[in-house]
Amino acid sequence: MSFDKSTSTSSPPPIFVSPALISMILVVCVFLFATWRAFSTQNFAWLATIPGIPLAVFFLNRRDYFFLTIIIFTSANIWIPVTGNDVPFHIFLRLFLISGIIGMSIISRPAAIRWDLPRISLVCWTTIILITMAVRGTGIRQLGSPLWGGKNYIILLTMLLFITVIPKSVRLSRKMWFTIPIMIAFLPVIPAIADLLYILSGGKLYFLYYIFKPGGGVAEAATTLMEGQTGWRIQGFTRLDLLLVLLLAAPWLGRSPLGKLAAGIIFVIALALASMGGFRGALLSGIGVTLIYAWFRSPHRRMLLFISVILLATGLIAVGRFAATYLPSPVQRVLTIVPFSRVDPIVRIDASFSTNWRLRIWDEAIRTEIRPHLVVGRGFSFDPNRLIPQYGPYMDEWSETQNHVINTNFHSGPLSSLILFGVPGFLSLLVFMVSSVIKHLRIHRMDWHDPLLQHMHFVFLCYFLYSTVSFYLTYGDLTLWMVRYLTFFCLLEILGYTR
């Protein structure tokens, strides 16, 4: 559904109420409410919201800047203390922007809805989610539910509403479009930098964790190294997505031998950084996105691509066989997926334990969760009393597996969509993903007024296509992973309208 103000490019729609009058009324109401709340509860922190009122009005009138702010908060994983530790702050920003756009659509004539297969399947999936909430419980304790897990509903439904409302209501300038990939590529390392600053300061900069949610992995890696263990990972710096920047610059780097050499070096550095997190999926992601890009970008050079894949596979096997033991343990862990690799036995045991851990979760989920939830899914909500408490620093394998299944942490895209929302939800999501890829492949082949934006659309599409495939083959979930997936879909939609 679209809430765009314009119905055509020739004549603006009639406005029944002045937007300036509405803005003035809203400012006065918010000011009066904040003042009343501060003096009635003696909590004068509410007065701090008053300086933010003009900023909120500015953002509502400049949706492009508001959209960029949301991308910043999402990419950098910025959390504001007032929102607690359950729901990311960017979700509240998205809800605020959605509310503003819907409010403006009330005072103007909204554009006609353009129904296509992705939109129809999206509405069906949203309806199934709401039915599941009604049957299984919301899991939102603030609404009186005794169950947990409602934050996942809030995140998922907000993202679905966001990609429905925003694409036809936000337009970005050419300069803004070039800043978005930079933010997506570089801002995710900020939590790791915060971790590093916290360690270097000896704990004095603890206030950084009021803004950035812990998860950079530097503190955990330092602790593991001091304990003499080998299973350390630096997760935060691996989110530096140099590959995205490389693919965007590929048409210009490929014009000269020196540029091609630079592209090759950047590609190797990007894979090395991705491997420092110890996640085998990161290596597959970098290679997979690059192969999709090359396959569609140069169809007349697919034989050369085939030879390049053979050379890359040979190089990885050689590194895994002869040089793996000299590499950091996270890189060795990644290389365990390479045939004939010779890595530290402790690292291989750690990797095998992770694989077996997932297999145990999948086995338990398939045996106990699929059959009862084929028609109406289980949903995100769960009874916290079912969780098995942990005594001591470690938990036995059976208890840990049970807890992951209880709190719907399946580490599998197909299992998550099937168990959480049943067969109807599984099929609706599948249709949405496949039809969205087909739709934007067609859009990419259309005529564009700006070839640079067309190329950016193609790069985002490569990421979106790989994510669609990996959701069913390697890893995926319906919360944090889905936020990134739907963000790429939203960018593709906005670019499609900009075309």
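These numbers come from a predicted model, not from an experiment.
Checking S467 against R484 by side-chain atom types alone, no donor-acceptor pair falls below 3.5 Å. The closest side-chain donor-acceptor pair between R94 and T74 falls under 3.5 angstrom. No side-chain donor-acceptor contact under 3.5 Å links S285 and Y463.
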Problem set entry | Q454 vs H449, side-chain hydrogen bond (donor to acceptor under 3.5 Å, both in side chains): CA-CA, chis, key distance, verdict | CA-CA 8 Å; Q454 183 183 21; H449 73 279; over 6 Å; no
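Ring geometry for H411 against Y475 counts as tilted: the plane angle lies between 30° and 60°, on a 0 to 90° scale. Under the 30°/60° scheme for interplanar angles, the aromatic rings of H457 and H444 are found to lie parallel. Relative ring orientation between Y485 and F432 is described as perpendicular, the plane-to-plane angle rising above 60° on a 0-90° scale split at 30° and 60°.
For R136, the side-chain hydrogen bond (donor to acceptor under 3.5 Å, both in side chains) criterion is met by no residue, not counting sequence neighbours. Every residue was checked against the ring-ring contact (aromatic ring centres under 6.0 Å, His included) condition with F162, not counting sequence neighbours, and none meets it.
W448 places no side-chain N or O within donor-acceptor distance of the main-chain N or O of T498, the cut-off being under 3.5 Å.
M303 CE: 12 or fewer foreign heavy atoms inside a 6.0 Å radius.
In this structure, L172 and L495 have side chains that are not in contact, with every pair of non-hydrogen atoms separated by 4.5 Å or more.
Aromatic rings of F73 and F89 (six-membered ring for Trp) have centroids within the 6.0 Å cut-off, being under it.
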Sequence neighbours excluded and cut-off under 3.5 Å, please list the side-chain donor-acceptor pairs for residues 120-128, or say none.
residue: S121; atom: OG; partner: L117; partner atom: O; Å: 2.9
residue: S121; atom: OG; partner: P118; partner atom: O; Å: 2.9
residue: T126; atom: OG1; partner: L122; partner atom: O; Å: 2.8
residue: T127; atom: OG1; partner: V123; partner atom: O; Å: 2.8

